[in-house]
Number of protein chains: 2
Amino acid sequence: MGRRTGTRRIGIADVALKAGVSHATVSRVMNGNFTVDPAIAQRVRDAAAELNYQPNPVGRSLALGKTDTIGIVVPDLANPTFQAILRGLSMAAAQDGYRVLIADSSEVSSEEAILAGEARRRCDGLVLCAPRMGDAELEELAPSLHPMVLINRSTTETRVPSLEVDYSQGVQELAEHLVSLGHTSIAFLAGPARSASNRARMAGLNKFRASNPDVELRMLEGGSSFETGHEAVNEVLASGATGVLAFNDLVAMGLLSGLHEHGVRVPEDISITGFDDIPFARYTTPPLTTAAVPITELGERAWHSLRALIRNAEAPDEDTTFQPRLEIRGSTGPVST
Amino acid sequence: MGRRTGTRRIGIADVALKAGVSHATVSRVMNGNFTVDPAIAQRVRDAAAELNYQPNPVGRSLALGKTDTIGIVVPDLANPTFQAILRGLSMAAAQDGYRVLIADSSEVSSEEAILAGEARRRCDGLVLCAPRMGDAELEELAPSLHPMVLINRSTTETRVPSLEVDYSQGVQELAEHLVSLGHTSIAFLAGPARSASNRARMAGLNKFRASNPDVELRMLEGGSSFETGHEAVNEVLASGATGVLAFNDLVAMGLLSGLHEHGVRVPEDISITGFDDIPFARYTTPPLTTAAVPITELGERAWHSLRALIRNAEAPDEDTTFQPRLEIRGSTGPVST
DNA sequence: ACGTTTCGAGAAAACGCTTTCTCAGGATTC
DNA sequence: GAATCCTGAGAAAGCGTTTTCTCGAAACGT
């Protein structure tokens, strides 16, 4: 913070000197404390304006015990879902005068705990976004990170609110949608094995299987990226499925692209669904049928929960589940006969 | 910072007490100062470990005059370009133990100065990303924000390095590419009027015009989003152009989508180019011909410049211009005869 | 054996602010 | 007119570190 820059930043002392009052009075004026004589207050304000004085936030933070900053830990900043959460969080927090500090764990789950701890110490609160760490570690870490809110993950620690998307329900609805179009051979192109949201989807599909014993449902290994979808095209075609549930929109788009290259028509020859409804989903050709998650709102709600926790460390929000909304577009159609 | 959380965070004093030494000694040990008796150092480390002591970064920041944090101000976090810059910056800074604080001005240029100032005061340095503010204001602000680096903008202040993409060159190459395919009627779907990068493209097109007097080049008003491109479809068709230079990939994709809805074939009926080569560009149908900007690298380089400035406030980097690389894909083709 | 370095660790100042404590001096009361 | 109450502003004590200063004791040299 530029002490090295020869010209020392001007501080409260300079203003006090110039206005001929004490540090304390300057502080009072700057913070709108009304127990100051109007004339003196004006003199202080003039001095501050003339010197272009801006209180040093670090000093304030130390004195006040708060930083007006929150942290967010994401597994991968390249993922549009996390980008959208970050954006929602950042916008909402900004409204209340809070800034956000980002920490990207690059999907390295062992880094998460350290990053989270470091971020938490610099901030007034934390948002942990789809942490990849194990349940035990999360459980152990949770108390030391409070106040914090979890996204797409939960813990038994009662003071930690969870915001979760009902992936199980969403994927079931997508599967039902394919069934309603006459598909009886469906494949699920799975996501990262460690991902909690992938497990939730799996659980949903097991339910679906139970209530649709006549439908053939295959599980294919996959990932969470474009490339995953693109590379899976041969496997998908080999499976003989007429409908494919991709882990998310990114994978679906990769698959779409791969199928296009193979001259396979969507949805005439094969139907594809995504998940998330990222901004690009509606602009693919054909537009992607998907389960829309109000993801920016999720970020916004994360802030509101965190704000409640910060303001009153006692009263946590109850957990919240977001229901995805089926968004039927052009990438699904009646099964070819 | 959790003073309200009944159980006060444990500080250096607790460790000192437990180890039976002074604050100073604990600090020395924690910072790897070797002028401490090994036996005592070990005692301190044990005490610290047992109490799970972690130094308070705010206290450190105040004492050291640095926060190990940098700020980035972007006009719109929803824009993939800025997301990519942020990602590159964040990854690179993390390598050196720095975190990044984000500030989104929501394209409101009057907010930029305030946001930038606030961010700067909390951080050791600043990256100002394609600021929308006027030249005069930028010029005036620059000294107070140092150390800072500019992206896609420049200033006469010599201590402020600029990292710029050569949009002028890129758009010329795209135009030449269309010409080489036989197009003689070209339209430019422009970006936001205030955007410096739009002005650069305009300048490039003027050069192009000068060296290609036989080519008809129309300017159409636009913007920087999907929607812009989507809405421009009628105007584009009305222009009669056989080749369209979209402001960026987003606009191109919106246009692509709109043309598809109108049953206009790309590239058979009309050729489209984007700009930036965002990750999705290669996955549209047809894949987008565009000018690839190494945007994540740009963020990375921004950190390197800023790091140099932070480490030695004297020696600024020279400015750097990034040359876009023509990425020819399926959205451009020979003019229909 | 005595004076002079060197070494290691504690005391205290600094960082820049907020806030409690304290105490003049003017206003109020009887 | 003296005792009491406000009011407003300065002095000083934090907040949690780092770092300079200081000083006793041990090590060294003669």
Side-chain angles (χ1 to χ4, degrees), chain A residues 1-5 7-45 47-48 51-68 118 120-124, chain B residues 1-5 8-45 47-48 51-69 118 120-124:
Chain A
M1 307 216 12
R3 182 163 40 180
R4 29 161 70 97
T5 73
T7 163
R8 209 186 80 273
R9 269 193 70 79
I10 65 130
I12 205 171
D14 305 280
V15 181
L17 193 66
K18 176 149 202 143
V21 298
S22 70
H23 315 293
T25 301
V26 176
S27 172
R28 280 189 273 259
V29 172
M30 297 305 288
N31 292 291
N33 185 324
F34 287 115
T35 73
V36 176
D37 184 289
I40 296 187
Q42 193 53 50
R43 219 164 70 217
V44 170
R45 268 190 292 272
L51 294 172
N52 191 25
Y53 166 69
Q54 305 281 153
N56 177 328
V58 179
R60 292 198 87 222
S61 289
L62 189 58
L64 292 170
K66 68 192 195 109
T67 61
D68 291 342
E118 286 200 346
R120 176 60 188 83
R121 253 167 271 133
R122 297 188 132 72
C123 299
D124 300 342
Chain B
M1 304 217 11
R3 182 161 41 179
R4 33 161 65 97
T5 73
R8 211 186 80 272
R9 270 195 71 80
I10 66 130
I12 205 172
D14 306 280
V15 181
L17 193 65
K18 177 150 202 143
V21 298
S22 70
H23 317 292
T25 302
V26 175
S27 171
R28 281 191 270 258
V29 172
M30 296 306 290
N31 292 291
N33 185 324
F34 287 114
T35 72
V36 176
D37 183 290
I40 296 187
Q42 193 52 50
R43 219 164 70 218
V44 169
R45 268 190 291 272
L51 294 172
N52 191 25
Y53 167 70
Q54 306 281 151
N56 177 329
V58 179
R60 290 198 90 221
S61 289
L62 189 58
L64 292 171
K66 67 188 195 115
T67 60
D68 290 342
T69 301
E118 287 199 344
R120 177 60 187 82
R121 255 166 270 131
R122 296 187 132 73
C123 300
D124 299 343

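Chain identifiers are assigned alphabetically (A, B, ...) following the order of the sequence lines, protein sequences preceding nucleic acid strands; residue numbering begins at 1 within each chain.
- The stretch residues 23-34 of chain A comes close to DNA chain D through Ala24(A), Thr25(A), Arg28(A), each having a heavy atom under 4.0 Å from the strand.
- One distance of note links CZ of Arg43(B) with OG1 of Thr25(B); it measures 9.5 Å at 0.5 Å rounding.
- Using a 4.5 Å heavy-atom cutoff, the side chains of Arg9(A) and Gln54(A) are in contact.
- Separation of atoms CG (Leu17(A)) and CG (Leu51(A)) is listed at 9.5 Å; rounding is to 0.5 Å.
- The separation between Asn56(B) atom CG and dG14(D) atom P is 18 Å, rounded to whole Å.
- In terms of heavy atoms, Lys18(A) sits closest to Ala47(A) at CG-CB, 3.8 Å.
- Protein atom CZ of Arg121(A) is 11 Å distant from nucleotide atom P of dT17(D), rounded to whole Å.
- The CD-P distance, from Gln54(A) to dC17(C), rounds to 11 Å in whole Å.
- The shortest side-chain heavy-atom distance between Arg122(A) and Thr67(A) does not fall under the 4.5 Å cut-off.
- Between the NZ atom of Lys66(A) and the P atom of dG14(D) there is a distance of 22 Å, given to the nearest Å.
- Under 4.0 angstrom from either OP1 or OP2 of dT17(D) there lies at least one side-chain N or O belonging to Tyr53(B).
- Atoms CG (Asp37(B)) and C1' (dA27(D)) sit 15 Å apart, rounded to a whole Å.
- Taking atom CZ of Arg122(B) as the reference point, atom P of dC17(C) lies 13 Å away to the nearest angstrom.
- Between Leu62(B) atom CG and dC15(D) atom P the separation is 14 Å, expressed in whole Å.
- Residue Arg28(B) comes nearest to Val36(B) through the heavy atom pair CB-CG2, 3.8 Å, listed as atom of the first residue, atom of the second, then distance.
- Distance CD1 (Ile40(B)) to P (dG8(C)): 10 Å, rounded to an integer number of Å.
- Residue Ala63(A) has its side chain nearest to dT18(C) when only dT18(C), dA9(D), dG10(C) are considered.
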